[in-house]
Structures are given as C-alpha cells and as structure tokens.
Amino acid sequence: SQNCVTTKLVLSYRYYISYVRKTRDDPPQNSGAYVFRPNEATIDHSLVYAYLKGALIYEGSAVIQIYLDFGQAINCTLRLYKSQPDNIELETFINSIPVGNREGKEVVLEVRSDIGNNDIFYTDSNGLHMEKRKLNFREDWDLEITQPVAGNYYPITSAIYIEDAERRLTILNDRAQGGASLSPGQIEIMIHRRTLADDAKGVEEPLNELDLDGKSGLRQRVRHYLTFGKKATADGTQRRIQNEVDQPLVVFISNSTNETNKNISFVGQKSFSEPEPLLKVFMKPWNASHILYRVQNLASSPRDVPIEQSLGQERTLSGNSLMSEMMAAKLRWVDFNGTSCENANGTTIRPLEIKTYLLELNAKSD
C-alpha cells in the first residue's frame, strides 16, 4: 500500500526455452543475441524458473529488507526505505543459467497485480516520452500474430507501466532490457539470457558467454524499482526515481590532510531554497573559464532553468553553436495540427526538453 492506494502484487521468476532450428523443414530463425524467439513449448507462455523456498525480514531505523530465497538459481532482496515510501527497490542475483539439457533459457522477472489495464501498457522512448503499446496490435497495419510473446516485446531503457482509471504500477530498471504486459495486471522484464545457437544476425556465435571459471555461464545482479499509487501523481514519482537511478550520488574519499573548500558559481546563476528533483543536470568543462551546462526537464510541466535569462548563451545540444544561429537557419516544420515546432524561448524548459548553455565560471577558494 502506497499513498493510501492498495495494490496486490505477486513476484515470480519464469523463463522461455530458446528456439533452435533442428531440421530443414523448421523455420530458420534461431533465438540468439539479437533475436528473442521462444520455442514451440513456450511460444505463448513462460515456465517457472525457480520456486520460493523461504523469506527473512529485517527492519532497521532506515530500511526494511526482505530476503527471498529461490535456492541456488536466484536470490532476491526487497528494500523499503522509510525516507522514500513511494517505491520498492528490488535487487535480483541470478546464478548461471543451466543448459545441461542442451536448451537455451531466457529468464524474466514477472510482477502480477490486480490492475485492469485492458491490454494497454507504456514503455519509454530512450528515457523520455512514454509510448503507448497495445497487446497484439499495431496502429499502422493489421498485425498477424505468429509470436504472441516475442511479438509484444518492446525495449525498456528506463520504465514500463500499466494503469487503470485510478492506479498505476511502474517498474524502472537499471539497464536497457526488453519487456511487455501479456495479460491483465501483468508486467514482465527480461533479466538474463543464455542461448546455444547463433541467430545469423552478425556475431556468428551463440549468446553463451562464460564466467571466469570458463565453464558456467555469466551471473547477473540487476536492480528494479517498483512504484505504485495514484495515477495523478505517478509521473513525478517515476521521473524522480529515474533521475536518481541515472545520476546516483558519487562519494569521493581522499587521504589528504589539507582541507580545501572550493566554491564555484556561475555568472547569472539563480539561487534556490529547495532542490529541484525533476531537473536533470549535466556539466562538462568547456575551457579554462567556461563550462557546458545541459539541463533536462523530467517533470510533466514547464520549469525554469536555474540561470538568469540575461546570460544569453543558450547553445545547441552539442554546444558547438548558438541556438539563435541554428534556429535562424533551420527549416520550419509544422505538425499535423498546423503548429510550428519551435524551440521554447528564454530559460523556460518544456516537459522532457533538454537545453544547453555555456556558462562563465567564477571560482574562488576560501
């Protein structure tokens, strides 16, 4: 239960058997590094990969940890941070996938809920706009279903969610993966694969990398973040967690005994009494006196960039020319509604927009 919203969740680990062509009459496309294709036995459903054997719960002053034991195949840890009650951190350790029976396996994390999403789910487009997906449907043509599972998989670089009229369940990942919602209230994400046949897409080898011992397959440790709550406030929560995953705190430790306090400020920089968690900031040295400052608005409403408009040094995304020069030479595109696609003026940054500035540095040591 989060934000006075209750959702029933069931967590499990399942797998598909990789397709391998065995005779000349069989379809030629194997499952491999670039192609996900379950065999006939699992073409429309997955199998249980590991059964839950036990659980331990530890509660501290800052976090509640729940250890789920799935035997030697998988260990799972759920973390509920008391300072962030709107999400659950899910860490999964997947041991080497066994292939002693000469069958490749493709392991998925599955979460089931009581959310009625009517075959609709959403996946991100490179961490930005959330694209609407519909099960067994393509907007531009009549889809012939030959792969009911693989044909509904989409890339997930940041998040996938399902929702009903009031609630939303979102899963964020820590790396690019594939996933889908194949039944009401269900989300699954591919977390590990080991195949034994080349898919003939260029690498000329199966997806069968070995660990340091040269015998067993690779092991994986992956993290996901589950959040559920009111649909009206879900966007902000998702984007905040996405920002924290993409830009985690980095701690530097030095054995130097010299204490130096370096204050760096920018000409025209605004001051804020509170941090803005939905502004994603990237800074890169440009030269001795300037820094490239790139900011992205992850919120669902416009934001102001924390620099003065009088600075007047907005650049293109790469920073190699002034935005005003680029816009003057740019072809004016018009969308389907007849609206010209122009860049927002000044330091107002629209939802999911990225702006780049060249800032002059003022640095002094105290």
Task: More than 12 heavy atoms of other groups within 6.0 Å of Glu166 CD - done: no
TODO: Kindly say whether Arg350 contributes a backbone atom to a donor-acceptor pair with the side chain of Glu353 at under 3.5 angstrom?
DONE: yes
- [ ] For side-chain contact (heavy atoms from CB on, under 4.5 Å), just list the numbers for Leu52 and Cys76, CA-CA rounded to whole Å, side-chain angles, deciding distance to a tenth of an Å, and then say yes or no.
- [x] CA-CA 10 Å; Leu52 181 63; Cys76 170; over 6 Å; no
Open item on the list: Looking only at the aromatic ring of each residue, does the gap between the centers of Tyr13 and Phe70 stay below 6.0 angstrom?
Closed with: yes
Open item on the list: Just to verify, what does Lys82 make a side chain to side chain donor-acceptor pair (under 3.5 Å) with, not counting sequence neighbours?
Closed with: Glu59
- [ ] Kindly indicate whether the side chain of Tyr357, heavy atoms from C-beta on, has any atom under 4.5 Å from the side chain of Ile291.
- [x] no
Task: Approximate separation, where rounding is to 0.5 Å, of Leu68 CG and Asn75 CG - done: 9.0 Å
Task: Polar side chain donor-acceptor pair, Arg112 to Gln186, under 3.5 angstrom - done: no
Task: Check: Asn320/Ser318 side-chain N/O donor and acceptor closer than 3.5 Å - done: yes
- [ ] Please report the shortest heavy-atom distance between Asp235 and Ser300, naming the atom on each side.
- [x] OD2-CB, 4.4 Å
Open item on the list: With a 4.5 Å cut-off on side-chain heavy atoms, are Arg315 and Leu322 touching?
Closed with: yes
TODO: Verify the distance criterion only: is there a donor paired with an acceptor across the side chains of His224 and Gln177 at less than 3.5 Å?
DONE: yes
Open item on the list: Check for me whether Arg14 meets the cation-pi criterion with Tyr49, that is, NZ or CZ under 6.0 Å from the six-membered ring centre and within 45 degrees of the ring axis.
Closed with: no
Task: Over 12 non-hydrogen atoms of neighbours within 6.0 angstrom of CD in Gln72 - done: no
Task: Expected output: side-chain Gln242 to main-chain Leu298 donor-acceptor under 3.5 Å - done: no
Open item on the list: Ignoring hydrogens, what is the shortest heavy-atom contact between Arg221 and Arg175? Give both atom names and the distance.
Closed with: O-NH2, 2.8 Å
Open item on the list: Can you see whether Thr195 engages Arg193 through a side-chain donor-acceptor pair at a distance of less than 3.5 angstrom?
Closed with: no
Task: Side-chain touch Leu90/Leu11, heavy atoms, less than 4.5 angstrom - done: yes
- [ ] Ignoring hydrogens and angles, tell me if any N or O in the side chain of Asn243 forms a donor-acceptor pair with the backbone of Arg239 under 3.5 Å.
- [x] no
Task: Minimum heavy-atom distance Ile349-Val295, with the two atoms named - done: CD1-O, 3.4 Å
TODO: Please answer whether the main-chain N or O of Lys215 pairs with a side-chain N or O of Asp211 as donor and acceptor at a distance below 3.5 Å.
DONE: no
Please tabulate, for the side chains in residues 29-37, all donor-acceptor contacts under 3.5 angstrom to protein atoms that are two or more places apart in sequence or on a different chain.
residue, atom, partner, partner atom, Å
Gln29, NE2, Asp199, O, 3.0
Asn30, OD1, Arg21, N, 2.7
Asn30, ND2, Asp198, O, 3.2
Ser31, OG, Val35, O, 3.1
Ser31, OG, Arg37, N, 3.1
Ser31, OG, Glu106, OE2, 2.5
Arg37, NH1, Gln29, O, 2.9

TODO: Kindly indicate whether the side chain of Thr227, heavy atoms from C-beta on, has any atom under 4.5 Å from the side chain of Tyr161.
DONE: no
Open item on the list: Measuring from atom OG of Ser321 to atom CE of Met326, what distance do you get when rounded to the nearest 0.5 angstrom?
Closed with: 7.0 Å
Task: Smallest separation among heavy atoms of Leu352 and Leu128, with atom names - done: CD1-C, 3.7 Å
Open item on the list: Within the structure provided, determine whether Leu172 and Thr170 are in side-chain contact (heavy-atom separation under 4.5 Å).
Closed with: yes
Task: Ser18 side chain near Leu207 side chain, heavy-atom distance below 4.5 Å - done: no
Open item on the list: Please determine whether the number of non-hydrogen atoms from other residues, nucleotides or ligands lying under 6.0 Å from atom CZ of Arg102 exceeds 12.
Closed with: no
Open item on the list: Just by distance, no angles: are the side chains of Arg194 and Asn208 close enough, under 3.5 Å, to form a donor-acceptor pair?
Closed with: yes
Task: CZ (Phe93) with more than 12 external heavy atoms under 6.0 Å - done: yes
TODO: Find out whether Ile66 and Thr77 are in side-chain contact, i.e. whether some heavy atom of one side chain is under 4.5 Å from a heavy atom of the other.
DONE: no
Open item on the list: Closer than 3.5 angstrom, by distance alone: can the side chain of Arg294 be matched with the main-chain N or O of Leu317 as a donor-acceptor pair?
Closed with: yes
What donor-acceptor contacts under 3.5 angstrom involve side-chain atoms of residues 115-125, with partners at least two apart or in another chain?
residue, atom, partner, partner atom, Å
Asn117, OD1, Gly185, N, 2.8
Asn117, ND2, Ile120, O, 2.9
Asn117, ND2, Ser181, OG, 3.3
Thr123, OG1, Arg133, NE, 3.0
Thr123, OG1, Arg133, NH2, 3.3
Asp124, OD1, Thr157, N, 3.2
Asp124, OD1, Ser158, N, 2.9
Asp124, OD1, Ala159, N, 3.0
Asp124, OD2, Gly127, N, 2.6
Asp124, OD2, Thr157, OG1, 2.4
Asp124, OD2, Ser158, N, 3.3

Open item on the list: Could you check whether Tyr225 and Gln84, counting side-chain N and O atoms only, form a donor-acceptor pair closer than 3.5 Å?
Closed with: no
TODO: May I ask you to say whether Lys231 pairs ionically with Asp164, meaning some side-chain N is under 4.0 Å from a carboxylate O?
DONE: no
- [ ] Find the distance between CG (Leu78) and OH (Tyr67) and round it off to the nearest 0.5 Å.
- [x] 11.0 Å
Task: Exam field: side chain Asn95 to backbone Ile74, donor-acceptor pair closer than 3.5 Å - done: no
Task: Glu163/Arg167 salt bridge by N-O under 4.0 Å criterion - done: no
Task: Side-chain touch Lys134/Asn152, heavy atoms, less than 4.5 angstrom - done: no
TODO: Return the minimal non-hydrogen interatomic distance between Ser216 and Asp213, and the atom names on each side.
DONE: OG-OD2, 2.8 Å
Open item on the list: Quick check: closest heavy atoms across Leu196 and Glu103, and the distance to 0.1 Å?
Closed with: CD1-N, 3.8 Å
TODO: Would you confirm whether the ring centroid of Phe282 sits within less than 6.0 angstrom of the ring centroid of Tyr293?
DONE: no
